[in-house]
Number of protein chains: 2
Amino acid sequence: MAETPKSNLQLVAAKAGVSVSSVSRVLNGGSASPELARKVREAAAELGYVPHASARTMRTGRTDQITLAVADVGNPVYVQMMRTVTGIVAKAGYRLVVSSTGSDPQAQIDLVTSLNRGYADGLLMSPLRITEDLIEAMRSSRLPIVVIGTLPADVALDNVRADSATGIGLAVEHLVAQGRRRIALVNGPVDTVPGSARLAGYLAAVERFGLATSSELQVTATAFTYRAGRKATAALLGQASPDAIIGANDLLAVAALKELAAAGTRVPEDVAVVGMDDTDAAELATPSLTSVDLGSAKRAKAAAKLLIRRIQEPGAPVSRIVIPPALSVRESTGGPA
Amino acid sequence: MAETPKSNLQLVAAKAGVSVSSVSRVLNGGSASPELARKVREAAAELGYVPHASARTMRTGRTDQITLAVADVGNPVYVQMMRTVTGIVAKAGYRLVVSSTGSDPQAQIDLVTSLNRGYADGLLMSPLRITEDLIEAMRSSRLPIVVIGTLPADVALDNVRADSATGIGLAVEHLVAQGRRRIALVNGPVDTVPGSARLAGYLAAVERFGLATSSELQVTATAFTYRAGRKATAALLGQASPDAIIGANDLLAVAALKELAAAGTRVPEDVAVVGMDDTDAAELATPSLTSVDLGSAKRAKAAAKLLIRRIQEPGAPVSRIVIPPALSVRESTGGPA
DNA sequence: GAGGGGTTTGGGAACGTTCTTAAGAACGTT
DNA sequence: AACGTTCTTAAGAACGTTCCCAAACCCCTC
């Protein structure tokens, strides 16, 4: 009913009988006489004035928007990050633009260049695959970028990373302590950043504990998804008889759980299962899933704060933060319900 | 390395030796001589020119952004919607701004008024609680709004809704066909739109099939979350012995599954369980969860298309779309693995 | 009462784009 | 050769805001 007509400073100024600059001053908390302030506020309220975002951006250069780019908005680990980021970013007065790039490096490069349109004040991104071109694009961006994930050592960009190797080490240690010797890995694509990190971590841990590194114990799913995990686990069970399975993320581990159940194998009695990322899916699984917490929420939080700091203080030194992993033990390795 | 200096039309024009308007014309596909076009494109490429989003908005009134407001970005049903919406919106050339309002009506009202800042071309919102004030705010908004969810009959807003009542009817029918008679409901808060709809649907279906409507068979969780679902189910099992449980969403149903398992009750032999929304969580659960597909993906898709149409054609007649439900039968009611 | 310091207000440019309007060039027609 | 038509290009206003700077005013002091 109460149609909101579009209003601007000029209309408010006319209604209050003052100048445009005075209205702006009052509304932005500048000094003004009580009388003037009263008139301006009255007029503004009466007209339902709201400042125009783009006009303000035009003048100040700030958009009050931050972009978050992830590969897949459906993946639980990104959901968790998104949830954390929305909170922090909103509290700091920013809106969140969410971009789903898929795993295609070109789409990510396009995103970085499109950022130069100036629709956001900064970018949070968690690239699944990193190419030279992507790094080059990020480097030459005019806007601050914080990367959630591992970058080559020589890239001077703010960066919050997990420690997959140590994380897998925790999982293997936990399994070895239970007497498991044939520990299998259901990995995602190894040409991705997490895929390669997890493979390396697995190999290192297996060697450290003196376990057999049989290639039959390693399978690679075509993606970090449930479906792909079912297939990969089926292949694994066809070629080896592990007494433990580590999934490279929770979805792959849940897929392993389901595939084991379908084969009539008991978890954890016959085979123990460990996931990674410690997302909601781990707690909801049956049996509940032991999972390596790679600190996705903490990483997201740290990255968001880092980005906000850099926006406010562009000259700050480049930070590289590593979030230490932790193990959440649940039923799938004999932990409590 | 290749630092991108900020460039604008004026710089491009100067470099190409032509006027600013000519550059704009060429870059927006207006008519121009081949010679002029060549010079302009060369200069633009050399300077790495990208148009400034806010300046363009300022002039055209378009922001190429759409806002999606949901109560909780972590809830699987909203995740599913978000995934669908990102795809459609990106394909149509829009960016997606995601806003997590919580279930607080005031936060939603603030969002609607802040929309008048003009940072987006339209709003997709799925309100958990609807108040008169919220409806009033949506009505008087200058920008198009499409509501995903049920609205009072007299509100003339584009609207895509589920049919919870029929959906619950499907679930009850399916359970009755198996000989279940004591069908319980684990609902979410009844002062929410989905909560009240599901309660009404449950009562209607129970009556239609001539089942006893004992109040011991109805419990209400404090939120649509897993934790709340565990508590509510525990309470239910303490006060009644149902032979079937319907969860008002998948999280509540998964919680029921886990609570039943903890109590040593077999599913589906002793108690059958049905969820609602048919999210990924249903397929991942053990046993996999029969769930009422309320068409969340379809609703999100329809709503996004509706909004885009209305942005392009503001005078179009108001649409109200109802997505019919379907039942996905899985193990928790004796279906296939 | 004139000058000076301080405070309050207003004028107007600038941000980068698009688009209307008009000027100029090229060309054909009478 | 004069005129009209069409096509190409340029000039400049406008979108709504902020902020620099100058004008106007008040009060105090000498």
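The shown structure was predicted, so the numbers you read here are calculated from the model rather than taken from an experiment. Each chain gets a letter, A, B and so on, in the order the sequences are listed, and its residues count up from 1.
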**OP:** Kindly point out which of C:dC15, C:dT17, D:dC15 is positioned nearest to the side chain of A:Met58?
**Re:**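 For the A:Met58 side chain, the nearest candidate turns out to be C:dC15.
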Can you see if the side chain of [X] gets near the phosphate of [N] - specifically, an N or O under 4.0 Å from OP1 or OP2?
| X | N | result |
| --- | --- | --- |
| A:Asn28 | D:dT18 | yes |
| A:Ser24 | D:dT18 | yes |
| B:Lys6 | C:dC15 | no |
| B:Tyr49 | C:dT17 | yes |

Original post:
Are any of the side-chain nitrogens in B:Arg95 or B:Asp64 under 4.0 Å away from the carboxylate oxygens of its partner?
Top reply: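 So B:Arg95 does not pair with B:Asp64 through a salt bridge.
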**OP:** Decide whether B:Asp104 and B:Gln108 meet the rule of one side-chain donor and one side-chain acceptor closer than 3.5 Å.
**Re:**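 No, B:Gln108 and B:Asp104 have no side-chain donor paired with an acceptor closer than 3.5 Å.
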Subject >> side-chain contact (heavy atoms from CB on, under 4.5 Å) between A:Asp133 and A:Ile135, worked out >> reply: CA-CA 5 Å; A:Asp133 287 349; A:Ile135 289 177; over 6 Å; no
Measure [atom1]/[X] against [atom2]/[N] and give the value in whole Å, please.
| X | N | atom1 | atom2 | answer |
| --- | --- | --- | --- | --- |
| A:His52 | D:dC15 | NE2 | P | 11 Å |
| A:Leu27 | D:dG16 | CG | P | 16 Å |
| B:Arg56 | C:dC15 | CZ | C1' | 16 Å |
| B:Gln10 | D:dA10 | CD | P | 14 Å |
| A:Leu9 | D:dA14 | CG | P | 17 Å |

Original post:
How does protein contact run along nucleotides 7-13 of chain C, one letter per nucleotide 5' to 3', with B for base contact, S for sugar-phosphate only, - for none, heavy atoms under 4.0 Å?
Top reply: -SBBBBB
Original post:
Should the heavy atoms of other residues, nucleotides or ligands under 6.0 Å from CD of A:Glu42 be counted, would the total exceed 12?
Top reply: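 Yes, enclosed.
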Original post:
Near B:Gln10 CD, under 6.0 Å, is it more than 12 heavy atoms from other residues, nucleotides or ligands?
Top reply: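 Open.
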Original post:
In chain order, what residues pass the salt bridge (charged side-chain N to carboxylate O under 4.0 Å, His left out) check against A:Glu132, with sequence neighbours excluded?
Top reply: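 If we apply the salt bridge (charged side-chain N to carboxylate O under 4.0 Å, His left out) test to A:Glu132, skipping adjacent residues, there are no hits.
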**OP:** Spell out, as yes or no, whether a donor-acceptor pair under 3.5 Å connects the side chain of B:Arg25 to the backbone of B:Ser31.
**Re:**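 Checked: pair present.
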Original post:
Just by modelled atom types, is the B:Val193 backbone N or O under 3.5 Å from a matching donor or acceptor in the B:Arg129 side chain?
Top reply: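 Not confirmed, B:Arg129 side chain does not pair with B:Val193 backbone.
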Subject >> Nearest heavy-atom neighbours spanning B:Leu143 and B:Asp121 >> reply: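 Heavy-atom minimum between the residues: CD2-C, 3.9 Å.
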Original post:
For DNA chain D, what string of dots and brackets results from 5' to 3' when Watson-Crick and G-U pairs need both distances under 3.5 Å, crossing pairs get [ ], and pairs with another strand get |?
Top reply: ||||||||||||||||||||||||||||||
